[in-house]
Structure formats: C-alpha cells, structure tokens
2 protein chains.
Amino acid sequence: MPGHDMIIIKYHSEAGVRFVREQEKPDIRRLPLFRDMATANFETLMQVAYSQNFPPQLDLLRQGEPADFLHIVVEGMVELRAEWGGRETTMAVVGPISTFVLAACIKDTAYLMSARTLEKSRIVMVPAVDLRAAFRRDPDFAMAVIVDLAGSYRSMVRHAKNLKLRNSRERLAAFVLRQSALNGQAPGFVLPVEKRLLASYLGMTPENLSRTMRQLESEGLKVDGQRLIITDRAALTALAQPDPLIDGPDTELTAEELGLPRANAVG
Amino acid sequence: MPGHDMIIIKYHSEAGVRFVREQEKPDIRRLPLFRDMATANFETLMQVAYSQNFPPQLDLLRQGEPADFLHIVVEGMVELRAEWGGRETTMAVVGPISTFVLAACIKDTAYLMSARTLEKSRIVMVPAVDLRAAFRRDPDFAMAVIVDLAGSYRSMVRHAKNLKLRNSRERLAAFVLRQSALNGQAPGFVLPVEKRLLASYLGMTPENLSRTMRQLESEGLKVDGQRLIITDRAALTALAQPDPLIDGPDTELTAEELGLPRANAVG
DNA sequence: CGAACCCTTGACAGAAATCAACTAAGGTGG
DNA sequence: CCACCTTAGTTGATTTCTGTCAAGGGTTCG
C-alpha cells in the first residue's frame with residue numbers, strides 16, 4: 001500500500017500526521033459534501049482520516065497511482081495537473097475548503113491528475129475505502145456526492161468548451177471578467193496564482209500569456225505585475241463575450257465551480 | 001414549460017410520442033445506471049417516461065434551456081455539441097444504449113450542451129423531476145448515479161487532457177489506435193461518424209483533419225474514404241504515445257467512456 | 001438533372017510554440 | 001550586508017501549427 005507507506009515516512013520525517021483536529025472539523029463539516037451527512041458517519045470518517053501539513057511544491061499524489069484517499073484542502077493551495085509525454089498542464093487549482101480526486105476514489109481506480117502543493121498546505125485525507133462505505137450507508141451523503149460530482153463534471157465541460165471555442169485572447173479576457181464578477185464587478189484584482197500557472201490553466205505558454213496581456217492593454221486591461229485592472233469593461237466584454245454556459249453563473253460564488261481560486265479585489 | 005410544449009407539438013405533428021415499449025425496457029434496464037434499481041422504481045420511471053422517434057438532424061435540446069428530461073438513446077446516434085459566439089464544436093457522440101444530460105437534470109439547471117440526432121433515432125425521455133425523486137428514494141439507484149457521474153467526469157477530464165497535451169496529429173493518431181484497440185487490435189475500421197464531426201470532436205477544422213490524415217499516411221496509416229487501416233502500428237504508437245490516463249483503459253469497452261461511438265472493424 | 005453537401009487541395013494569414021536572451025525579484029549563504 | 005543563485009517574467013526572432021478563404025471533385029438526394 002503505497003499510500004500508507006507514504007504516511008509513515010511523512011510521520012517520521014516531519015511528524016506531520018495527526019488525527020483531524022477538533023477545530024478544523026466544523027469547517028469540513030460545512031462543506032456541501034459533508035453538510036447533510038449523519039453526524040455519526042461524519043465522525044467516523046474524521047476518525048479514520050489523517051491530517052497533515054505539507055511544505056510548498058510537494059507532490060501529494062501522482063497520476064496513475066491507485067486512488068487511496070479523498071483529499072480535503074483545509075489550508076493552502078493545491079495544483080491539479082496532468083502530464084503526458086514530457087508535457088504538463090494545469091487542470092485546476094483548489095483552495096480551502098474543498099476536496100479533490102473524489103471521482104477516482106469512487107471508481108476505485110487510478111488518479112487522472114497529479115496534485116502538488118503551491119504553498120504550505122494542510123490536507124485532510126480520508127481513506128477511499130471508508131469514503132465508499134460511508135455513502136453506501138448514508139443516503140444523504142450519497143445525495144451530496146451526486147451533487148458534487150455533477151458540479152465537477154459540468155465544471156470540466158465548461159473548461160473543455162472554453163478551450164475548444166475560444167482562442168487564447170478570448171480566454172484571457174473572459175478570465176479577467178470572471179474574476180471581476182466574482183468580486184462584485186470590482187475593477188481590479190490580484191492574480192490568485194502565478195502567471196505561468198494561469199497560462200497553463202488557460203492552455204497557453206507563459207510567453208504567449210505575457211504577449212496576450214500586452215495586447216489586451218489596448219483593449220481595456222491594465223497589467224501591473226500581479227495586479228490586473230479593467231480600464232474598459234465594454235471593450236473586454238465585447239472581446240470575451242462572457243457566457244454563463246462557459247464561465248459559470250455569476251451567482252455561483254463558490255470556489256468549487258471555478259478552475260482557479262477566486263482573486264482578491266483591489267483598486 | 002418548454003419541454004412539455006415540445007412534446008405536445010411533436011405528438012401532433014409526428015404522432016411520435018408513446019409510452020416506453022415493453023420490448024425496449026429490458027435494454028434500458030440493462031444499463032449500469034438502471035441495473036441495480038428496485039424493480040418498482042424502474043417501472044415507475046418507465047411509466048412517466050416518453051419514448052419517441054426522431055428524424056436525422058433534429059435538435060433535441062439546446063444549451064441554455066432548463067433541463068427537463070434525462071435522455072436515453074435507445075436507437076440511432078446523437079451529437080452533443082457546444083456553441084459560442086457563432087462557433088460550434090462536438091463534445092461527444094452518444095449511441096445506444098446510453099444516457100445524456102444526467103448532470104444537468106440532477107443540478108436542475110441549464111443544459112451546457114445542445115443535442116441533435118445524427119440519424120433516425122429513438123429516444124426515451126425521463127422527466128428530471130421523477131428522476132431526482134427516484135434516486136432520493138432508491139439508494140441502489142443513487143449508487144449507480146454516483147458511478148455514472150464519476151465516469152462522465154473522468155471522461156471529460158481525459159477529453160480536456162487530450163486537447164491540452166497533444167497536438168492535432170497526436171490526437172488523430174491516438175484516436176486511430178484507440179478505435180483499433182476497442183476492436184481487439186483490428187488493423188482497420190470504419191469511421192463511426194463523418195470526418196467533419198471527427199474533426200470537430202478532435203478540436204480541429206475539417207481541412208486540418210484532411211491534411212493531417214494525409215500526413216499520417218507516411219506514418220503508418222492508410223486512408224480509404226471512411227475506412228482507416230493501420231499499416232505500421234509501431235510508427236503510429238510512437239507518435240500517439242497512447243496513455244490509459246487520456247485514451248481510457250483498453251478494458252473499458254463500454255461506449256459510455258468513449259467520446260465517440262466505437263467503430264466497426266474491417267480488413 | 002440540379003442542388004446540396006462532404007471532402008479535398010492549394011494558397012495564404014493568423015495564432016501559438018519554440019528558442020534565446022535579458023531583467024527583476026527573492027532567497028541563500030558567506 | 002552583500003555577492004550569488006535561482007526563478008518568474010518579459011521581449012524578440014523564428015518556426016510550426018492551425019484556421020481561413022477559395023475552388024473543384026465526388027456523392028447523395030430530391
């Protein structure tokens with residue numbers, strides 16, 4: 001069991017493995033996924049779960065490995081990325097509080113994506129076996145799993161639509177407007193991730209993103225390091241043609257539905 | 001309720017609306033989605049469902065519309081496509097027997113994709129309301145929904161990985177090898193769909209697909225109209241670098257996991 | 001028979017990746 | 001505190017990939 005080996009190694013090397021702290025349980029409990037579950041079942045899951053701090057840039061799991069644990073990001077930020085033939089791409093970035101690799105755990109098969117921390121992160125890991133037992137036993141939890149998976153699926157459909165229907169300039173413009181919308185139409189915000197990572201998520205190279213940002217400076221965007229400011233919303237909107245069927249509805253302010261974490265407003 | 005309006009119109013214009021036929025129930029029942037459901041619940045669903053024949057090229061539903069029905073393709077072939085800003089792309093093609101727009105029905109929200117028949121098709125439509133009631137009541141059905149959604153999600157993740165990590169030549173080569181693998185490593189097969197549709201699914205223009213096929217003729221592929229024959233598997237494999245984490249495991253021979261229907265072997 | 005429509009091919013334009021060089025910022029260790 | 005190193009980001013030059021436009025061949029279907 002590679003998963004358990006890993007745990008033990010980490011335990012000795014960093015003394016990071018603990019039971020889930022009482023103080024973090026309520027936050028996890030508030031997740032839509034666990035909210036409606038019977039208390040006894042939730043407690044059982046928490047008792048068999050591990051909780052651990054990880055340093056930045058650490059690989060949590062690799063694509064192709066058997067799915068042993070459902071992961072919950074309690075603190076920090078985790079990149080989900082895919083690799084093939086020496087290339088790699090960012091599929092999503094998940095922040096607190098949300099889960100990842102749920103589908104792989106359910107199907108009891110290999111992860112399709114790798115995960116690594118972007119910053120110091122606290123991760124709760126629920127053994128896949130116990131997870132599967134839980135929703136077989138608890139109908140309310142099963143319902144929550146259904147809703148979660150349906151949302152994840154739709155999120156990935158939107159990601160694919162975005163890639164297939166828009167070019168990179170349009171994708172960037174749409175991303176900017178989306179982040180603004182999530183901050184109540186704020187005129188500016190700070191990028192939630194490095195530009196290179198944003199580029200990868202949007203399906204382009206860092207060089208291309210850099211140039212595309214420069215292009216957009218004549219179309220209503222001002223770039224100041226990590227800070228982006230919308231100077232002409234109409235122009236950007238004309239370019240991006242925002243569409244809730246791709247970008248997600250503005251009412252959905254949850255991070256779960258967004259491929260990248262929500263930015264912080266500025267200006 | 002646009003959905004019911006549509007039904008009534010169709011009823012009068014084509015006399016196509018019927019209760020689900022007794023003879024087609026067993027086929028539907030055999031679907032992983034319905035297989036484990038309690039018989040009484042299955043019968044209830046079938047009693048409230050519509051069953052209808054559609055001519056080719058007919059729009060079954062449009063993206064953005066509220067999800068009123070889970071659709072089951074009993075016969076024929078249906079394209080799921082996405083539109084934006086005057087462009088459109090094929091996201092998947094589903095053949096018998098499988099379902100589509102399950103996620104939208106669960107979330108009780110708008111379809112993310114449009115659907116139209118590619119050939120004369122027989123479609124069973126289960127009202128979303130009854131569907132949701134069913135898996136709230138039937139834990140075994142809920143489990144099946146979970147497994148189905150998890151599979152759909154992973155399928156879309158693979159589609160996105162394919163788009164982001166491979167160029168169009170690699171995608172085509174991988175597609176060819178995948179179809180061959182699904183037919184027991186058959187050297188040749190007939191394309192299950194028109195080339196223009198394959199092009200759209202693979203994220204390229206018809207012209208580009210045409211040229212790429214020509215390119216591959218010097219890399220182990222022979223193209224004869226709708227018939228493709230592998231002449232040098234090693235060369236194609238070197239190009240495509242098939243990967244179960246993108247192309248799907250060879251053991252999964254179900255159509256549900258494939259973005260396009262399975263081809264028929266020849267030669 | 002004509003009208004679509006699919007497919008192909010050619011010529012061209014545009015988009016995006018690659019390669020290379022350079023700057024700036026942040027962290028490390030002396 | 002500073003020299004050094006690493007890394008993100010930018011910019012330019014170039015190549016490669018892909019889309020667009022246009023035209024023609026072949027097929028199907030009314």
Side-chain angles (χ1 to χ4, degrees), chain A residues 55-57 77 79 84-90 93 116 118-120 162-174 190-219 221-228 239-240, chain B residues 55-57 77 79 84-90 93 116 118-120 162-174 190-219 221-228 239-240:
Chain A
Q57 313 302 334
M77 206 153 59
E79 174 194 16
W84 177 82
R87 299 170 209 165
E88 60 175 60
T89 188
T90 301
V93 174
R116 76 170 159 200
L118 292 174
E119 24 179 88
K120 186 167 171 305
N162 200 25
L163 290 167
K164 293 182 86 172
L165 292 168
R166 296 207 263 230
N167 62 27
S168 54
R169 183 158 21 126
E170 292 159 344
R171 291 199 293 276
L172 176 57
V190 185
L191 283 178
V193 294
E194 289 178 340
K195 286 184 184 173
R196 59 201 314 277
L197 206 151
L198 172 62
S200 180
Y201 175 72
L202 292 176
M204 47 181 135
T205 59
E207 296 97 321
N208 194 11
L209 174 65
S210 188
R211 275 185 262 267
T212 305
M213 280 187 168
R214 185 140 304 257
Q215 269 186 51
L216 288 192
E217 296 202 328
S218 58
E219 311 250 10
L221 181 68
K222 181 149 190 325
V223 181
D224 174 23
Q226 292 272 106
R227 242 192 332 271
L228 304 191
L239 203 81
Chain B
Q57 313 302 334
M77 205 153 61
E79 175 194 16
W84 177 82
R87 299 171 209 165
E88 60 175 59
T89 187
T90 301
V93 175
R116 77 170 160 201
L118 292 174
E119 25 178 89
K120 186 167 171 305
N162 199 25
L163 291 167
K164 293 183 86 171
L165 292 169
R166 295 207 264 229
N167 63 26
S168 54
R169 183 160 18 129
E170 292 160 343
R171 291 200 292 276
L172 176 57
V190 185
L191 284 178
V193 294
E194 289 178 341
K195 286 184 182 173
R196 59 199 317 276
L197 207 151
L198 172 62
S200 179
Y201 175 72
L202 293 177
M204 48 180 135
T205 59
E207 296 97 322
N208 195 8
L209 175 65
S210 190
R211 275 185 262 267
T212 306
M213 280 187 169
R214 186 141 303 258
Q215 269 187 51
L216 289 192
E217 295 201 330
S218 59
E219 310 249 12
L221 181 68
K222 180 150 191 323
V223 181
D224 174 24
Q226 292 271 106
R227 238 190 340 268
L228 304 190
L239 204 79

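A, B, ... follow the sequence lines: proteins, then strands. Residue 1 opens every chain. Owing to the predicted nature of the structure, the values given are computational and were not obtained by experimental measurement.
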Using whole Å, report how far [atom1] of [X] lies from [atom2] of [N].
X        : N      : atom1 : atom2 : result
A/Leu209 : C/dA15 : CG    : P     : 16 Å
B/Arg169 : D/dT16 : CZ    : P     : 11 Å
B/Leu202 : D/dG19 : CG    : C1'   : 16 Å
B/Asp224 : C/dC7  : CG    : C1'   : 14 Å
B/Glu194 : C/dC5  : CD    : P     : 11 Å
B/Glu170 : C/dA17 : CD    : C1'   : 13 Å
A/Lys195 : D/dT7  : NZ    : C1'   : 15 Å
B/Lys164 : D/dC17 : NZ    : P     : 21 Å

What about A/Arg211: does its side chain form a donor-acceptor pair under 3.5 Å with the base of D/dG9?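 By the distance-only test, no, there is no pair.
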Working to the nearest 0.5 angstrom, can you tell me the gap between A/Leu163 CG and A/Arg171 CZ? 5.5 Å
Short question: side chain of B/Thr89, backbone of B/Ser200 - any donor-acceptor pair under 3.5 Å?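 Between the backbone of B/Ser200 and the side chain of B/Thr89 there is a qualifying donor-acceptor contact (under 3.5 Å).
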Among [options], the nucleotide that comes nearest once only the side chain of [X] is considered:
X        : options               : answer
B/Arg214 : C/dC7, D/dG19, C/dT8  : C/dT8
A/Asn208 : D/dT18, C/dT9, C/dA16 : C/dA16
B/Asn167 : D/dG9, C/dC7, D/dC17  : D/dC17

Taking only the side-chain nitrogens and oxygens of [X], find out if one of them lies under 4.0 Å from OP1 or OP2 of [N].
X        : N      : result
B/Ser168 : D/dT18 : yes
B/Thr205 : D/dT18 : no
A/Gln215 : C/dA15 : no

Please check if any side-chain donor atom of A/Arg169 sits under 3.5 Å from a side-chain acceptor atom of A/Gln215, or the reverse. yes
Evaluate A/Asn208 against A/Ser168 for side chain to side chain contact (heavy atoms under 4.5 Å, CB included), listing each step before the verdict. CA-CA 8 Å; A/Asn208 194 11; A/Ser168 54; 3.8 Å; yes
How is B/Gln57 classified with respect to the nucleic acid when contacts are heavy atoms under 4.0 Å: base, sugar-phosphate, or nothing?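 It contacts nothing in the nucleic acid.
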May I ask you to say what A/Glu207 touches in the nucleic acid, namely base, sugar-phosphate or nothing, with a heavy-atom cut-off under 4.0 Å?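 The answer is base, as A/Glu207 lies within the cut-off (heavy atoms under 4.0 Å) of a base atom.
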Does a side-chain N-to-carboxylate-O contact under 4.0 Å join A/Glu88 and B/Lys164? no
